[in-house]
Amino acid sequence: MSRSNSTPDARKIPLKDASPKGFSQTGQALYQKRDKVYARHITGIFQTLRWITVWATLGLYFILPWIQWSGRQAVLFDLPERKFYIFGLTFFPQDFLLLAGVLMISAFALFFFTVFAGRVWCGYACPQTVWTSAFMWVERIIEGDRNARIKLDKQPRNTAKTAKRSLKYTIWLLMSFITGFTFVGYFTPIRALGFDIAAFQLDVWGVFWLAFFTVMTFLNAGWLREQVCIYMCPYARFQSVMFDRDTLIVTYDAARGEARGKRKKAADPKALDLGDCVDCQLCVQVCPTGIDIRNGLQYECIGCAACIDACDSIMDQMNYPRGLIRYSTENRVEKQPAKILRPRLIGYGLVTLVLLAGFGWRLISRVPVELDVSRDRTALYRENFDGQIENVYTLHIQNKTQETHSYTLSFGGLNGATLDAPKNIRARAGEQVTITATVSATPESIPSPNIRVQLTLQALDDPAISVTQESRFLSPRR
Ligand code: SF4
Ligand code: SF4
């Protein structure tokens with residue numbers, strides 16, 4: 001039988017994608033059109049708590065860079081100078097371990113709280129939540145609550161609508177600009193930044209970052225809102241693997257609420273074969289991500305508890321007990337034994353505590369001066385005119401405090417050796433100075449050709465500031 005000599009590609013049966021436009025070959029939509037969420041305003045215990053957190057977070061963010069400490073900005077991440085100032089402390093690139101420690105502590109603390117209390121961070125303190133809440137507050141004041149906004153959206157363009165929209169966007173833009181300005185102010189002195197902007201003297205990078213953060217704030221908090229949480233935030237995707245049946249989540253008590261249905265306030269639900277859910281939809285209307293919590297736990301739920309406050313207000317009106325929607329755990333809702341201390345929770349808690357202790361210890365024991373000693377690379381040793389053996393060292397000294405200090409150098413490890421170095425080494429706040437030190441000793445006083453020696457730097461005005469570095473003293477073999 002003769003084989004066809006056609007190429008493999010030529011033998012393939014051509015396929016034609018018959019999927020409807022916008023759908024992949026698996027039939028899944030490639031793009032889901034957004035249903036705009038018109039979250040309704042609600043008050044209640046948890047919303048009060050949320051607003052306290054929101055205003056506290058905003059206040060801290062906006063005030064912190066304006067606080068002065070020892071004549072400079074208290075919190076400043078000076079990237080060009082490679083120095084981070086946090087109140088009385090100055091951190092240098094050598095302190096990278098501390099920064100890594102802060103990140104690790106934050107990550108494990110977040111894991112701990114997620115296992116324990118679900119998405120409490122997302123619902124109360126995440127910047128996306130905080131800024132979106134502030135933007136929605138402005139929107140509600142200008143355009144009204146849910147129904148008024150729906151009505152306004154449906155209206156054809158008219159003067160009143162244009163005026164409201166323009167005012168809203170102007171205030172949003174102003175809020176975004178102040179947010180961007182403050183953010184840049186954490187990396188460059190904020191007062192000077194303010195003067196530069198006022199005098200139109202901001203450099204290109206300053207303009208770029210200011211514009212970038214202004215635009216990102218406007219888009220994230222004004223337009224994208226819940227879409228950031230649902231589609232863009234990686235934490236939303238992986239947090240569910242940290243949940244277990246004892247994690248605190250916002251839950252609808254289906255056993256109590258179903259069968260849902262409308263009824264008169266005076267009606268007996270049992271007689272109507274109904275549960276406590278009156279199917280008012282208020283829990284759906286207040287949800288900032290537009291979900292129905294009665295469908296069970298969903299990854300879109302940010303744990304903001306707006307639906308709890310909404311449902312509690314309905315329960316109060318109906319004279320039913322509160323808590324049809326509540327913070328609870330799967331085990332508790334299903335009346336299974338609940339367990340607070342679980343291995344995962346204990347593990348994350350212990351790691352967080354160990355990291356915190358290590359961080360605290362490192363911070364307390366941190367010597368605010370850096371000493372780096374390197375031996376002269378051109379000669380291992382040399383013999384001077386008096387017949388003594390000399391070793392030369394180069395010392396890099398960095399003052400890591402926010403004040404000027406004077407230091408003195410001493411030498412140890414070789415009896416009878418003399419040290420030739422500046423008597424008073426002065427370094428301004430954050431300054432790095434380099435000096436040369438020469439150690440000489442008579443050949444008879446040197447016990448071996450390679451001995452371990454110590455160079456100690458001591459602040460003259462503060463006995464607590466002292467650092468010792470080891471090096472080697474080399475001499476010819478005899
Ligand atoms: S379901 Fe409830 S807790 Fe979850 S995001 Fe919506 S309103 Fe907030
Ligand atoms: S707010 Fe409560 S009563 Fe109303 S629909 Fe939601 S769960 Fe049912």
Side-chain angles (χ1 to χ4, degrees), residues 34-51 53-54 113-114 117-126 128-130 132-133 136-137 140 145-146 224-233 235-237 239-240 243 247-265 267 269-270 272-330 333:
R34 180 194 183 196
D35 289 325
K36 190 169 174 185
V37 178
Y38 298 89
R40 184 167 170 164
H41 176 62
I42 190 75
T43 53
I45 298 168
F46 294 108
Q47 296 325 291
T48 306
L49 212 59
R50 270 189 86 221
W51 279 110
T53 323
V54 165
F113 282 110
T114 305
R119 292 180 70 176
V120 66
W121 160 258
C122 301
Y124 291 81
C126 169
Q128 178 63 27
T129 298
V130 167
T132 302
S133 302
M136 285 167 75
W137 176 71
R140 183 166 53 83
D145 204 359
R146 176 186 153 87
L224 294 171
R225 294 185 176 179
E226 80 286 350
Q227 296 190 89
V228 175
C229 311
I230 296 172
Y231 301 113
M232 293 158 74
C233 175
Y235 176 60
R237 295 282 163 171
Q239 46 85 28
S240 58
F243 282 20
T247 298
L248 211 57
I249 47 172
V250 176
T251 336
Y252 167 68
D253 190 342
R256 182 186 145 190
E258 302 296 317
R260 66 187 76 163
K262 300 197 185 308
R263 82 286 311 259
K264 290 215 163 58
K265 188 177 171 184
K270 285 199 179 70
L272 297 167
D273 213 11
L274 289 172
D276 280 357
C277 174
V278 299
D279 206 13
C280 62
Q281 300 283 321
L282 194 62
C283 53
V284 183
Q285 291 174 11
V286 298
C287 178
T289 63
I291 59 168
D292 186 343
I293 194 66
R294 294 174 300 171
N295 295 336
L297 181 63
Q298 295 144 77
Y299 76 90
E300 293 95 336
C301 174
I302 58 167
C304 69
C307 53
I308 299 183
D309 284 330
C311 192
D312 279 349
S313 71
I314 299 295
M315 295 296 108
D316 289 351
Q317 284 174 31
M318 298 297 293
N319 287 329
Y320 295 168
R322 287 182 161 206
L324 177 57
I325 301 177
R326 61 181 183 272
Y327 276 116
S328 190
T329 69
E330 279 185 75
V333 169

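Atoms within a ligand are numbered from 1 in the order they appear, just like the ligands themselves.
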Surrounding CG of Asp273 (heavy atoms of other residues, nucleotides or ligands, distance under 6.0 Å), is the total greater than 12?
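No, not enclosed.
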Crowding at CD1, Ile45 (>12 non-hydrogen neighbours, <6.0 Å)
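Open: at most 12 neighbouring heavy atoms sit under 6.0 Å from CD1 of Ile45.
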Using the rule given for side chain to side chain contact (heavy atoms under 4.5 Å, CB included), can you reason through Lys36 versus Arg225, listing the C-alpha separation, both sets of side-chain angles and the distance that settles it, and then say yes or no?
CA-CA 10 Å; Lys36 190 169 174 185; Arg225 294 185 176 179; 6.0 Å; no
2.8 Å cut-off met by an N, O or S atom of Cys304 to atom 8 (Fe) of ligand 1:
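It does; at least one qualifying atom falls short of 2.8 Å.
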Nearest to [atom], what protein heavy atom do you find, and at what distance?
atom: atom 3 (S) of ligand 2; result: Val278 N, 3.4 Å
atom: atom 4 (Fe) of ligand 1; result: Cys301 SG, 2.4 Å
atom: atom 6 (Fe) of ligand 2; result: Cys283 SG, 2.3 Å
atom: atom 2 (Fe) of ligand 1; result: Cys307 SG, 2.3 Å

Does any donor atom in the side chain of Thr43 or Gln47 lie under 3.5 Å from an acceptor atom in the other side chain?
no
How close do [X] and [Y] get, heavy atom to heavy atom, and via which atoms?
X: Cys277; Y: Tyr252; result: CB-OH, 3.5 Å
X: Gly303; Y: Val250; result: CA-CG2, 4.0 Å
X: Ile308; Y: Phe46; result: CG2-CE1, 3.6 Å
X: Pro321; Y: Asp276; result: CD-OD2, 4.5 Å
X: Lys262; Y: Leu274; result: O-CD1, 3.9 Å
X: Tyr124; Y: Ala305; result: OH-CB, 3.8 Å

Metal site atom 4 (Fe) of ligand 2: N/O/S of Cys280 inside 2.8 Å:
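It does; at least one qualifying atom falls short of 2.8 Å.
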Can you tell which part of Ile325 has a heavy atom less than 4.0 Å from ligand 2: side chain, backbone, both or neither?
side chain
Please identify which atoms of ligand 1 are closer than 4.0 Å to at least one heavy atom of [X].
X: Gly303; answer: 3 (S), 4 (Fe)
X: Ile293; answer: 1 (S)
X: Ile291; answer: 1 (S)

Is the shortest distance from a heavy atom of Gln281 to ligand 2 less than 4.0 Å?
yes
Number the atoms of ligand 2 from 1 as they appear, then name those within less than 4.0 Å of a heavy atom of Cys277, with their elements.
3 (S), 5 (S), 7 (S), 8 (Fe)
Cys287 near atom 4 (Fe) of ligand 1 via N/O/S, less than 2.8 Å
no
Test of understanding: given a 4.0 Å heavy-atom threshold, classify the contact between Ile302 and ligand 1 as side chain, backbone, both, or neither.
both
Pick one of side chain, backbone, both or neither for how Ala305 approaches ligand 1, counting any non-hydrogen atom pair under 4.0 Å.
backbone
